[in-house]
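Counting convention: from 1, in listed order, for ligands and their atoms alike.
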Amino acid sequence: MRFVITSFLFFASCNLLVAQSIAYSQVKPIVDAKCVSCHRTDGYAPFSLERFDDLKKRSLFIKHVVSTGYMPPWKPNNHYRSFANDKSLTAEERRMLIEWIDSGCVEGKPVINQLGNKYSSGSQFNRKPDLVLQMSAPFEVPPINQNVYICYKIPFELPNDTFVSAIEFVPGNKSVVHHASYQILAVEDDVNVNAGPAYFMYDADTLNRVKDDHDYRYFKLIGQSGAMPIEMYHNGWLPGTSVQQYPKGIGFHLPKKGVLLIRNFHYSPTAIPQKDLSKFYLFFSEVQPERKIGFAAFKPKNPTADGKWYIKANDSNFTAYINVKFHNDVSLLNINPHMHRLGKYFIAYALTATNDTIKLIEIPNWDFNWQEFYRFQKMVKIPAGSVLHAEAIYDNSASNPENPHNPPQDVLFEWGMNDDSEMMRLVLLYLPYQVGDEKISLE
Ligand code: HEC
């Protein structure tokens with residue numbers, strides 16, 4: 001069990017104010033909004049907090065984790081930039097929850113329809129998915145006590161082209177599913193998406209060199225013309241990430257024939273055999289999106305001539321940078337910083353041609369276990385001529401409790417995708433800018 005005490009700001013709220021007692025009906029909306037997306041039957045967290053009894057039973061533990069700021073997990077500095085999918089408690093919400101616990105978890109008038117039916121579909125939305133794309137057969141995770149990485153193909157054929165406004169990854173076996181990055185691909189007419197194998201397992205070598213053409217050929221996704229599949233969408237799931245949803249009129253085009261390719265599906269080490277049957281929920285848009293979401297993943301430039309770039313053992317301040325110039329006006333929707341376990345700090349901002357700073361994100365205490373596709377509250381305009389700067393700092397010393405090596409070792413940087421190597425990515429979901437975008441709410 002990990003306890004990461006992230007902030008001292010929260011101590012102020014642990015006082016003994018019990019003047020007027022708070023009832024369950026007042027704290028339930030807070031818990032529903034800030035905890036239940038993970039703490040529900042079939043949710044990502046190990047237990048549900050949907051009912052009064054669930055909360056009462058764990059109340060002292062809950063008081064502890066909300067006072068220390070360990071729960072809900074939320075890593076960005078909200079003073080730098082706040083986000084639409086912010087899961088953190090406001091000071092007032094935290095105070096109410098603690099006060100309710102301190103005053104003995106009063107039930108008050110029973111809350112009718114405690115569970116509601118918000119999650120009855122199994123989705124984080126109060127809506128049945130329009131399409132479920134599931135692995136064709138359970139993947140048997142070998143009990144080898146090592147990370148396992150696979151590439152998995154889920155084919156689909158629909159009566160018509162459609163448009164998607166939200167997509168949600170639903171891990172099958174929470175004890176081993178670690179992360180997934182995926183693409184939705186359109187293929188040529190003459191490709192049989194059901195032909196070819198369903199998956200392959202990476203070995204150390206293939207994992208270090210993921211190549212589109214190799215994977216597309218392997219899964220028989222290249223048509224007679226030799227044309228490669230076309231990427232319609234690209235995203236990922238990490239523990240703690242919320243569903244990806246877009247405002248009206250924005251989304252992606254789902255071709256009537258194609259595949260969802262989980263390019264990098266990572267399972268945690270297990271000593272006993274485990275099976276996983278993960279799936280994706282897709283929610284169609286009512287209207288055809290006029291605007292198609294773009295996806296950009298940036299990485300730092302390798303300064304070494306031989307391609308090998310290391311974070312030396314005991315270097316507690318290794319820093320990498322991304323600098324990218326924008327040639328067109330764009331509107332940012334989402335931002336996702338990514339590092340592995342040596343990461344300790346991440347910041348990203350844009351500097352406009354007139355030297356204005358557009359703050360994007362700061363993560364003061366990076367935690368590999370809690371990552372997110374952070375959604376801006378409103379679209380953020382980055383004018384042409386701006387330079388995007390990002391800085392990532394890594395701690396490869398023994399004082400980093402997440403260091404996978406004890407004692408610390410030299411670690412390859414920007415080479416491979418496994419947990420023992422390190423990397424820096426800044427992923428952006430964006431649209432070409434249109435007048436008025438900065439007023440469009442993404443809440
Ligand atoms: C993003 C998903 C997510 C949200 C939101 C979330 N939790 Fe959790 N919570 C988890 C997971 C996963 C665990 C188990 C792993 C761990 O303890 O790190 C957990 C563990 C806990 C634990 C046990 C801590 C321990 O060390 O065993 C408590 C208590 C808890 N959560 C309470 C809450 C409360 C109260 C809220 C809302 C105010 C909340 N959580 C919001 C995912 C979440």
Side-chain angles (χ1 to χ4, degrees), residues 1-7 9-10 13-14 22 24 26-76 78 82-102 105 114-115 118-119 122-125 168-180 236-245 266-268 278 334 336-337 341 363 365-375 401-402:
M1 219 140 284
R2 295 170 306 109
F3 270 105
V4 187
I5 314 253
T6 45
S7 168
L9 282 176
F10 306 134
S13 57
C14 305
I22 295 184
Y24 175 58
Q26 288 164 279
V27 298
K28 179 170 164 57
I30 302 172
V31 176
D32 281 357
K34 301 288 172 76
C35 318
V36 170
S37 63
C38 300
H39 289 275
R40 63 187 159 102
T41 319
D42 298 331
Y44 180 66
F47 51 87
S48 164
L49 292 176
E50 286 162 302
R51 299 160 199 264
F52 171 74
D53 294 341
D54 302 329
L55 274 185
K56 187 172 173 171
K57 191 165 68 192
R58 299 183 198 269
S59 60
L60 290 179
F61 215 4
I62 291 173
K63 178 177 168 180
H64 179 77
V65 297
V66 303
S67 324
T68 56
Y70 180 59
M71 283 287 145
W74 185 254
K75 307 314 284 177
N78 284 347
S82 39
F83 294 93
N85 53 348
D86 187 352
K87 293 190 203 86
S88 63
L89 294 170
T90 64
E92 177 60 8
E93 289 169 335
R94 188 177 302 106
R95 185 194 66 76
M96 281 180 65
L97 210 53
I98 292 173
E99 197 175 316
W100 178 70
I101 293 168
D102 283 344
C105 302
Q114 275 207 17
L115 282 170
K118 185 154 183 224
Y119 297 109
S123 158
Q124 289 196 35
F125 285 115
E168 176 177 4
F169 174 75
V170 185
N173 183 338
K174 286 182 277 175
S175 60
V176 283
V177 172
H178 184 282
H179 95 256
W237 179 87
L238 296 151
T241 52
S242 9
V243 278
Q244 302 301 313
Q245 56 181 320
H266 175 181
Y267 292 102
S268 310
S278 291
N334 274 24
N336 165 246
R341 297 183 187 277
I363 304 207
N365 298 296
W366 172 259
D367 186 340
F368 179 75
N369 299 291
W370 302 115
Q371 304 186 39
E372 179 60 289
F373 283 79
Y374 299 100
R375 193 164 77 242
E402 292 281 329

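- Between Met71 atom SD and His39 atom NE2, the angle centred on atom 8 (Fe) of ligand 1 amounts to 170° (nearest 10°).
- Atoms SG and CZ, on Cys105 and Arg58 in that order, are 13.0 Å from each other to the nearest 0.5 Å.
- Set against the non-hydrogen atoms of Pro72, the atoms of ligand 1 under 4.0 Å away are 37 (C), 38 (C), 41 (C).
- Classified by interplanar angle (parallel below 30°, tilted 30° to 60°, perpendicular above 60°), the ring pair Trp370/Tyr70 is perpendicular.
- Each of the following atoms of ligand 1 lies closer than 4.0 Å to a heavy atom of Val65: 24 (C), 28 (C), 29 (C), 30 (C), 32 (C).
- Heavy-atom proximity to Phe47, at under 4.0 Å, picks out these atoms of ligand 1: 21 (C), 22 (C), 23 (C), 28 (C), 29 (C), 30 (C).
- Atoms of ligand 1 lying under 4.0 Å from at least one heavy atom of Pro46, given by number and element, are 11 (C), 13 (C), 14 (C).
- Residues that satisfy the side chain to side chain contact (heavy atoms under 4.5 Å, CB included) test with Lys57, not counting sequence neighbours, are absent from this structure.
- Taking the six-membered ring for Trp and thresholds of 30 and 60 degrees, Phe169 and Trp237 have ring planes inclined between 30 and 60 degrees apart.
- Note: Tyr374 and Phe83 have tilted aromatic rings, judged against thresholds of 30 and 60 degrees for the angle between ring planes.
- Any N or O atom pair closer than 3.5 Å counts here, and Ser37 shares no such pair with ligand 1.
- Between the CD1 atom of Ile363 and the NZ atom of Lys75 there is a distance of 9.0 Å, given to the nearest 0.5 Å.
- Against a heavy-atom cut-off of under 4.0 Å, Lys34 is close to the following atoms of ligand 1: 5 (C), 37 (C), 41 (C).
- In summary, the atoms of ligand 1 found under 4.0 Å from a heavy atom of Trp370, numbered by their order in the structure, are 10 (C), 11 (C), 12 (C), 18 (O), 42 (C).
- Using a 4.0 angstrom heavy-atom cutoff, Lys87 counts as in contact with ligand 1.
- Not one N/O/S atom of Cys38, from backbone or side chain, sits under 2.8 Å from atom 8 (Fe) of ligand 1.
- For Ser82, the side-chain hydrogen bond (donor to acceptor under 3.5 Å, both in side chains) partners two or more places apart in sequence, or in a different chain, are Gln377.
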